[in-house]
Every structure is written in C-alpha cells, then in structure tokens.
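Accompanying notes for the structure given below.
Atom set for the values below is all heavy atoms of this structure, side chains included, hydrogens, waters and symmetry mates excluded.
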Amino acid sequence: MSELFDDDPRDTPPPAEPPRRSRALLVTAVVLIIAFFGLTSFAGLYTDRLWYKSGGYSEVFSVLFWTKTGLFLVFGAVMALVVGANMYLAYRLRPLFRPNSPEQTGLDRYREAVTPIRTWLLVGASLVIGVFAGTSAIGEWRNYLLWRNGVPFGQKDAFFDKDIGFYVFDLPWFHYLVDYVLAVTVVALLAAALVHYLYGGIRLQTSRDRLSGAAQAQLSVLLGVFVLAKAGDYWLDRFDLVNQGGSLISGMTYTDDHAVLPAKNILMGIAVICAVLFFLNVWRRTWMLPSIGLALLALSAVLLGLIWPGIVQQFQVKPSEADKEEYYIGKNIEATRAAYDFKDVTPEQYQSDTTSSPSELDSLAASTSSTPLVDPQQVRQTFEQLQQARAYYSVAQVLDVDRYQISGVDRALVLGVRELDQSGIDAGDRNWSNLHTVYTHGNGVIAAYANQRPENNVQEATSIRWAEGQPTQDEPAQNALGDYESRVYFGEQSPDYSVVGKASSKDTDVELDLSTAETAGEDAADGYTTYDGNGGVPIGGIFNQLMYAVKFGEPNFLLSGRVNENSQVLYNRNPRDRVEKVAPWLSIDSDPYPAVVDGRIQWILDGYTTTDRYPSAERESFKTMTNDSLQTDTNGLRTLPTDEINYMRNAVKATVDAYTGDVVLYAWDESDPILQAWRSAFPGTVKDRSEIPPDLLDHLRYPEDLFKVQRYQYARYHVTDASDFYQGNNRWQVPFDPNSKIANRLQPPYRLFVNQPTASGAAKSTFSLTSVFTPYKKGNLSAFVSVDSDASDPETYGRIRVLELPDQRTPGPGLIANEFSSNSDVRAKLQPFNLGDAPPIFGNLLTLPVENGLVYVEPVYAVRAGSTSSFPTLQYVLVSYGGEVGIGKTLGEALRDVLGVTGEVTTPPDTGGDGTGNGNGNGNGNGDGNGQPTGTVQEQIRDALAKADAAFARANTALDDGDLGTYQDEIAKAQKLVNKAFALADQAKGD
C-alpha cells in the first residue's frame with residue numbers, strides 16, 4: 001500500500017515550470033544589467049575619444065587607453081594564469097586513494113557537486129580574480145609611465161648615493177611589482193590549499209600525513225616565493241627610510257640609520273634563508289626547518305623591527321638628541337630647501353625705524369600710491385550689482401588681480417569674468433531646452449583699477465570709480481582691455497553641458513547673448529547668437545546622439561529638435577577640468593585667472609609637478625600649506641593618492657580659450673626632470689617655453705599655490721644651522737588672517753607693486769606676490785617676504801626676497817588688527833555703522849615695506865543690511881605707521897591723520913612747480929632751497945600734502961593724455977612732497 005501510495009500520480013508534484021520561468025527571468029535580468037553597464041562603459045569610453053579628438057589631443061587618449069589596457073591585460077592575465085595553474089595542478093596531483101574518515105565523508109557531497117563543473121569553476125574563478133588584479137593595475141599607470149620614461153635628476157641622496165630619479169621614478173614601480181608578487185602568491189596559495197583540501201591532499205583531522213607529498217611540494221614552492229618576495233620588500237624598504245615621516249623631521253634619522261636600516265638588512269637575509277628552506281622542502285618533505293625559519297623571521301621582525309629601534313631611540317638618542325640628530329637634520333634642511341626651490345634665498349636684515357631722514361622715506365610714497373584698496377574678495381558684490389545686466393550672470397567668489405600696460409605704465413587691475421549662473425534663472429524657466437540650448441554662455445570681463453580711491457576731487461580712472469564712498473560706472477580701465485571676443489563658453493561657472501549650433505543659416509538663433517542686447521541699449525530686449533567655434537564635439541549622427549544620451553542620461557539628445565546635424569555638445573567646460581583632462585599628470589593651481597590676450601579671453605593656469613618621494617625633504621599636506629582665508633578649493637591635490645608632497649615645481653603654464661575651449665600647454669620649468677619624463681610619455685602635448693607668445697608672457701605671473709607652499713616651508717627652513725633648527729628658537733609661521741570668518745585660516749598672499757632695489761641701486765616698482773611671517777605662536781612681525789611675479793623679466797622672475805626684522809618688536813597683522821579695532825578714533829568713526837544696518841567689513845590687511853619702516857593699510861567697507869541689491873562701499877582707510885593709527889575717507893586723509901596733521905588741506909593753485917623750493921618764498925617754484933620755511937610745522941605739513949595732491953592730479957591728467965614723461969615727473973614731485981611731510985612730522989614728534 002505504501003508503495004502504491006508513494007507512486008500515486010496525484011501525489012507527484014507538477015513539473016517545475018515556475019522555477020524554469022524564474023531562471024529565465026533571472027538570466028534576462030543579468031543579461032540586461034551586464035548590457036546596461038557595458039553600454040554605459042562603452043559610451044563613456046567612446047565619448048572620451050571624441051572629446052580628445054575634437055580638442056586635438058588624440059595622442060593623450062591613445063597613450064592613456066593603451067597603457068591602462070596593457071596593464072589590465074598583463075597583470076590580470078598573470079594573476080589569472082598563476083591562480084588557475086595552481087588550482088589545476090592541485091586537482092591533477094590529488095591523491096588517488098583517500099583514507100576513510102568522517103572528514104572525507106563530509107567532503108564527498110561537495111566533491112560530487114563541484115566535479116561536473118570544475119572546469120567552469122576554475123576558469124570563472126581565475127577570470128574574476130584576474131579582473132580584480134587588472135583593475136588594480138590600471139591605477140598604477142602614472143608609476144608605470146614615470147618608470148618607463150624617467151630621467152636622472154643629476155643629484156644623489158646623502159645616504160645610499162643613488163640618483164634622486166631612482167626614488168621618484170623607479171622605487172614606486174618596484175614597490176608595486178613586489179606587492180603584486182606577494183598578492184599573486186597569497187591568492188594562489190589559498191586557491192591551491194582549498195583544492196587540495198577538497199580532494200584529500202590536505203587532511204586536518206588526522207594525526208599524521210596531513211599533507212600529501214604533492215600538496216607539500218606545491219605549497220612549499222608558493223611559500224618560498226612569498227618569503228623571497230618579502231625579502232625583496234625588505235630590500236626596497238631600506239630606501240623608504242629617506243622618505244618616511246617622523247616627529248622631528250621627514251627622512252633618515254639616527255635611529256633609522258643605526259637600528260632600522262641594519263634590521264632591514266638582517267630581516268632580508270633571514271627571509272632569503274627561509275625561502276631556501278621552503279624550496280628545499282620540496283625534496284626533504286619535513287616542515288621542521290621551514291617552520292623554524294618562518295618563526296625566526298616573525299620573531300626577528302618584532303625584535304629588530306619594533307623593539308630594538310625603540311630601545312635605541314629611548315636610551316641612545318633622547319639623552320643627547322640634538323647631537324645625535326644634527327647630521328640628519330642638516331641633510332633634511334638641504335633637501336627641503338632644494339625640493340621646494342628656495343635653497344638660495346637668504347634673509348636681508350631690515351630695521352623698522354620710522355624716524356628716518358627724508359631720503360630714506362622715498363619708497364613710502366611710491367608704495368602707498370599703488371596700494372590696492374579694492375579688495376578682490378569684498379568688491380565681488382559691487383561688480384555684480386553695478387555691472388551685471390541680468391540675474392543669471394555672475395563673477396567669481398574671489399576676483400583676480402592682473403597687470404596691464406596703460407599709457408606705457410604697468411597698472412594693477414581687478415578682473416572678473418561675467419559668467420553664466422543658471423541658478424539666477426527663474427525656476428519656471430528651468431527646462432532642458434533653456435538650460436542646455438538657450439542659456440549657454442557668459443559675456444565679457446569687468447575691470448577696475450586696484451589702487452586707491454580718488455582723493456580731493458582727483459578721481460582715479462576706473463571702470464568702477466569710487467565717488468562719495470560708492471562705486472559708479474566709468475570705462476577707462478574697461479577700455480584698457482581693448483576689443484576682444486566677449487562670449488564666454490568655457491569658465492569656472494559654466495553649465496555642465498550645452499548643445500549649440502543650428503541646422504542652417506536660415507534658422508533663428510536661440511542662444512541668449514548679452515552683448516547684442518547691450519549694443520541696442522540697456523533696456524533693450526535680449527539678443528541672440530549661435531556658437532560658431534570648434535570647441536565642442538559634433539553629435540549630428542544618430543549614433544553619436546545615442547552615445548551622449550547614454551553618457552548624460554538624457555533622451556532629449558535623440559528626441560529634441562534642437563539637436564541637429566550641425567550640433568556640437570560643449571562639456572568639461574571648467575578651465576581647470578579641461579587642463580587636468582588633457583594633462584592628467586599635472587596638479588593645477590586652485591586659482592585660474594583671466595587675461596585678454598590678442599583679442600581673446602584666455603584663462604591662464606599654472607600646472608605643477610609634485611612628488612612625495614624626494615629623499616630627505618620634509619613632507620606636508622598640500623591642503624594644510626595652502627589653506628588660507630581665500631581658498632575655495634580644499635580638495636587638495638588630485639593626482640596623488642594623498643595630498644602630502646615634498647617636491648613641487650611650476651612646470652607648465654596652460655591657457656584655455658574662453659570661447660573655443662582650446663587648451664595649450666607650455667613648458668615653463670624645462671629643467672624639471674618630472675616634466676621631462678611626462679613630455680616623453682606624452683610627446684607633442686607640451687610646447688616649448690620659447691613658443692609662448694609675447695602678449696601672453698606679459699600676463700604670466702608667479703603662481704599663488706606654489707608661493708603658499710614655499711612660504712609655509714620657509715617659515716621653518718629659513719634656519720640653516722642644524723642646532724638652531726633643533727632648538728626651534730627662531731621658528732616662524734604664516735600668521736592667521738585676523739579678519740577671516742573661519743578660524744585658523746592663514747592670511748593669503750597679496751599682489752602688490754613693491755619697490756625692489758636694482759643692481760644700480762635705484763628702486764624699481766615690481767609686480768610682486770607678498771606675505772609676512774610672525775614668530776611661532778606669537779603676534780610680532782618676523783619678516784616680510786615677496787617674490788617677483790613679472791614673467792616678462794626672466795632675470796628677476798621668481799626671485800624670493802625676505803626682509804627679516806631682527807628685533808621682532810614690530811607688531812604683526814593680528815596685533816595691528818587689534819590696534820585698529822581698539823583705537824578710540826577708529827571706534828568713534830565706525831560706531832554709526834556698528835549701531836546701524838551697515839556693519840563694517842574689514843578688507844585685506846596689507847603690509848608695505850619702505851626704507852626703514854613698515855606701513856599697514858586696511859580698507860573698511862560697509863554693506864546696507866536687509867537688501868538683496870546691496871553691495872560693499874568703501875567707507876574708510878586705516879593706516880598704521882610708526883606705532884600710530886590713522887583713519888580717513890581716503891588714503892591721503894589716513895596718512896595725514898597718522899602723522900598728526902590737523903585741519904583742512906587746501907589745494908594750492910596748479911602752478912606746475914614741485915613745491916619743494918623755498919627760494920622765492922611761495923613754495924610753488926623750483927627754488928634753490930636757500931629760503932626759510934614759513935608758518936608752523938603743522939601748516940608746513942598741510943601745505944606740502946596739498947601740493948602733493950596737486951602733483952598727483954597733474955600726473956593722472958598726464959597719464960590719461962598719454963604723456964608718460966610728465967606723469968613720471970609729477971609722481972616724483974609728489975613723492976618728494978610726501979617725504980617732506982613725513983620728515984616734518986618726525987621732527988614734530990622729536991620736538
């Protein structure tokens with residue numbers, strides 16, 4: 001009955017149709033997923049190729065593609081073959097007879113399940129592991145290309161006598177190869193052991209013969225290879241000692257040299273012996289000696305690698321650390337100064353003495369006459385409110401400072417590119433067509449002179465003229481840029497992509513354009529244009545449209561009528577992103593800046609070659625060294641695994657055309673070995689320095705990020721004596737910005753015209769990047785540092801000058817800011833703003849060195865609260881000089897206040913004299929100086945300053961007329977008069 005019951009067809013389950021349907025659905029889902037990811041990957045690769053080709057950099061794509069593909073295939077194949085071969089050998093060498101045991105009985109069901117599909121499992125597992133290994137190898141393309149194309153540095157390290165190129169180019173690649181061998185042997189060992197265990201070659205639940213002879217031989221070989229690779233790793237680790245970080249310095253120390261290095265050598269020898277023992281175990285078939293060797297290696301690694309160095313450090317080094325580490329500190333100082341390129345910088349002694357004679361104050365007037373009161377950070381809102389015709393245009397958060405020759409004179413201009421800001425578009429208008437085919441580009445550059453606002457009705461010709469504390473429209477600085485292509489399709493705020501181009505010339509233009517509207521009048525309707533450049537990728541064909549629809553996840557590439565056979569897609573539009581894509585081996589400065597060159601808006605970018613492998617040089621986080629109050633990009637370097645570096649060069653100057661997007665790379669530091677290696681890896685992508693056009697050369701400047709890194713390191717490494725360095729009694733630091741809204745942000749460097757001495761002894765006004773140092777964790781001033789930024793003068797460009805104050809009694813920026821805020825006169829004049837709806841905003845605090853003196857200048861702005869159309873207006877100028885604080889509506893008023901000059905200054909008749917002579921008694925001629933001064937000292941000071949104002953007025957008039965000779969003569973007269981005023985003020989203080 002039971003048999004019949006069991007065989008009853010009614011009790012027989014129906015055919016498993018649902019499971020088959022489920023399997024079909026599962027297979028379909030897997031296929032679709034694979035197809036989706038495959039199509040996405042292919043679209044990304046295909047569109048990348050089109051982008052590089054359209055920009056003229058197909059060679060870059062080819063080198064990257066084939067290098068990555070080759071690394072993937074070679075290292076993936078080796079991993080797959082080694083692992084697969086060891087799994088196959090383990091199966092072929094399995095025991096023919098297995099003793100009966102509960103362990104083997106339990107494994108029978110797994111063997112029965114695996115055996116029918118063992119080939120597929122072997123191939124599948126090998127391929128998966130190979131894919132992981134190949135994917136990991138792709139990330140090593142930089143190290144591979146540097147190793148393949150490395151050149152000698154021509155310098156050797158102090159400890160191993162190897163060329164620095166070995167550490168920069170060879171060592172990272174050697175490390176990867178050794179690590180790869182270790183990884184291959186570990187994976188192969190685990191795979192072989194698993195197969196041996198499954199098929200009885202390894203028996204864990206027996207008291208004897210736990211390993212078959214074949215299993216023992218195979219595992220011995222793999223273990224021998226692993227330990228031998230570990231010996232190679234110890235050998236390479238020896239060279240890493242010159243790069244490792246430490247609490248005192250980066251690089252080799254006494255403990256490293258006398259304990260860690262010998263330990264590495266001993267461990268390397270033990271590892272070699274241990275590997276030989278494993279290889280011999282193939283024939284000896286005993287694990288005793290290899291096990292003893294492996295245990296000895298592990299014990300030695302603990303004793304020699306950890307405990308012994310600790311003993312040496314504690315009992316040999318610490319009791320006399322200064323003496324023990326002196327040699328190593330000296331090598332660290334030498335390497336650091338060379339790696340950061342300031343090895344020849346020597347501080348000049350500088351006395352801050354404000355009671356000097358008039359002849360020693362010549363540079364005071366020159367310095368203050370070009371003081372940039374227009375703060376690039378604070379004036380941004382002013383630019384937007386007064387120069388932006390539409391809400392959907394904007395300028396950068398921090399504007400840029402550049403110099404232009406105007407009437408034969410170098411003038412510093414604050415520049416902002418009027419870019420498209422799609423966040424200003426009404427929410428109801430943000431559809432795909434508007435965002436990607438109508439609102440496509442910005443328009444024009446806004447410019448203003450960077451120096452002081454007008455004084456005594458002598459108005460500075462600027463595009464934003466300061467009148468009654470508020471900026472008004474004016475054009476001279478704007479016109480100084482000349483005629484240029486104003487449409488900006490590539491910029492820092494450009495949309496992620498735009499589709500441009502129309503099907504035929506008869507079709508209507510659809511791209512909004514501000515320039516055509518401005519031509520018709522301020523109240524005119526918006527104009528339209530069509531992009532006719534070649535900066536995009538043609539997408540007219542249906543296949544290309546499909547690829548970009550997949551890339552951007554947007555079906556309108558296939559459906560929209562705005563996409564036609566003549567369409568181009570513009571993307572990768574940020575200048576920094578474009579350069580990084582064309583030169584992925586470069587680290588790009590965080591501050592691209594615009595310049596009008598030969599009728600085009602060009603974004604100028606500085607490219608750096610960096611490494612963390614320069615032997616014995618100090619390593620530090622790039623973010624830490626550049627993290628000042630103006631820094632907007634805090635992501636650090638994008639071309640290194642970490643942002644720690646110990647070598648940096650401004651290797652490349654790059655330009656990006658704001659209209660066409662064309663990227664051009666020029667070699668700048670052609671002697672840099674890293675640049676030479678990359679030029680060899682990517683031939684033809686970087687032009688020679690001699691090919692830089694002269695008009696572009698005039699706008700190249702010393703890069704900010706490099707200067708920030710150099711000043712950060714120089715703060716400590718200006719000390720060249722190892723004993724003094726260890727004591728740290730003369731350590732400096734870059735001061736924090738006293739006006740930063742974010743705590744512990746460094747004070748940014750500022751671009752100024754600084755009077756620098758020349759070989760003839762005369763002072764020359766040089767466009768410079770400047771900063772200051774304070775003693776470590778103190779507020780006084782240690783030094784003033786500047787670097788000549790005029791790239792058109794190759795003899796002085798990049799020269800770093802440091803003016804050191806030996807007494808360090810001069811207050812630094814933080815103390816000066818406190819003096820300004822606590823001064824009774826300043827508080828009284830700023831009180832209405834503090835109580836009202838226009839709180840004061842303190843601008844950039846500038847330090848200006850003059851002969852035997854320092855002048856601090858800080859503009860004070862105010863913004864009316866509660867209004868979306870408000871913008872900063874310059875209200876006061878603060879000056880600190882000789883321990884005194886002055887405040888005024890203008891720089892001239894502030895200078896008079898700091899000198900203690902009271903009363904109104906009346907501008908004398910414009911007689912054209914310099915006012916320095918007293919021979920005729922009226923002070924207006926060019927007398928011989930034999931007459932006696934008249935009036936009180938205060939009256940004489942007021943008279944001198946009034947005549948200086950008149951001279952400045954005549955100078956500005958001459959500059960506008962293009963009369964450079966008269967301009968220079970009048971400026972010289974004005975400087976003499978200001979010097980006379982300061983001399984009289986010093987005399988009054990002495991009396």
Side-chain angles (χ1 to χ4, degrees), residues 29-76 127-128 130-142 144-145 432 435-437 489-490 494-501 534-560 562-563 567-586 588 635 638-639 641 656 661-663 681-682 685:
V30 171
V31 170
L32 289 176
I33 292 174
I34 294 175
F36 172 77
F37 283 107
L39 180 62
T40 302
S41 300
F42 176 77
L45 186 65
Y46 180 77
T47 54
D48 264 359
R49 176 180 173 274
L50 294 180
W51 187 89
Y52 279 104
K53 182 179 180 181
S54 68
Y57 286 93
S58 297
E59 182 69 21
V60 175
F61 176 84
S62 298
V63 171
L64 289 174
F65 176 79
W66 291 114
T67 299
K68 293 179 179 180
T69 301
L71 291 173
F72 176 84
L73 293 177
V74 170
F75 287 90
L127 289 178
V128 169
V131 167
F132 280 109
T135 304
S136 175
I138 289 176
E140 297 296 319
W141 67 268
R142 289 185 178 87
Y144 170 75
L145 287 177
W432 185 87
L435 292 177
H436 298 290
T437 67
Y489 282 87
F490 297 87
S494 296
D496 53 351
Y497 72 89
S498 293
V499 178
V500 296
N534 57 356
V537 179
I539 55 169
I542 187 66
F543 184 76
N544 285 2
Q545 293 175 18
L546 173 63
M547 291 295 97
Y548 278 101
V550 173
K551 176 181 178 62
F552 292 110
E554 180 51 66
N556 279 311
F557 278 93
L558 295 168
L559 304 177
S560 175
R562 294 282 175 87
V563 182
S567 292
Q568 300 180 54
V569 58
L570 310 177
Y571 62 105
N572 293 331
R573 301 170 70 177
N574 187 296
R576 186 177 180 185
D577 293 339
R578 291 184 74 80
V579 175
E580 285 181 338
K581 198 166 182 65
V582 167
W585 42 273
L586 278 178
I588 307 301
N635 294 324
R638 304 185 188 184
T639 58
V656 177
D662 289 342
V663 179
F682 295 94
T685 59

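A distance-only check finds no donor-acceptor pair linking the side chain of R49 to the backbone of F61 [under 3.5 Å]. Looking at Y489, its side chain never comes within 3.5 Å of a backbone N or O of G535 through a donor-acceptor pair. Looking only at distances, a side-chain donor or acceptor of T47 sits under 3.5 Å from a matching main-chain atom of G44. Proximity of a side-chain donor or acceptor of R142 to a complementary backbone N or O of P584 within less than 3.5 Å is detected. Of the possible polar contacts, one joining the Q545 side chain to the G540 backbone as a donor-acceptor pair under 3.5 Å is found. A donor-acceptor contact shorter than 3.5 Å is absent between the side chain of S136 and the backbone of F132.
Side-chain contact check for Y571 and Y548: at least one donor-acceptor pair (N or O, by modelled atom type) lies under 3.5 Å.
To the nearest 0.5 Å, the span separating OH on Y497 from OG1 on T437 amounts to 10.0 Å. Atom CD1 of I588 and atom CZ of R578 lie 13.0 Å apart (nearest 0.5 Å). Separating the CG atom in D496 from the CG atom in N572 is a distance of 10.0 Å, to the nearest 0.5 Å. Atom OH in Y57 sits 14.5 Å away from atom OG in S62 (nearest 0.5 Å). If you take CZ on F557 and CH2 on W432, they are separated by 6.0 Å, rounding to the nearest 0.5 Å.
Between F75 and Y144, the distance from one ring center to the other does not fall under 6.0 angstrom.
Nearest heavy atoms, M547 versus Y46: CG-CD2, 3.5 Å. Taking all atoms of both residues into account, the shortest heavy-atom contact from N556 to V563 is O-CG2, 3.9 Å.
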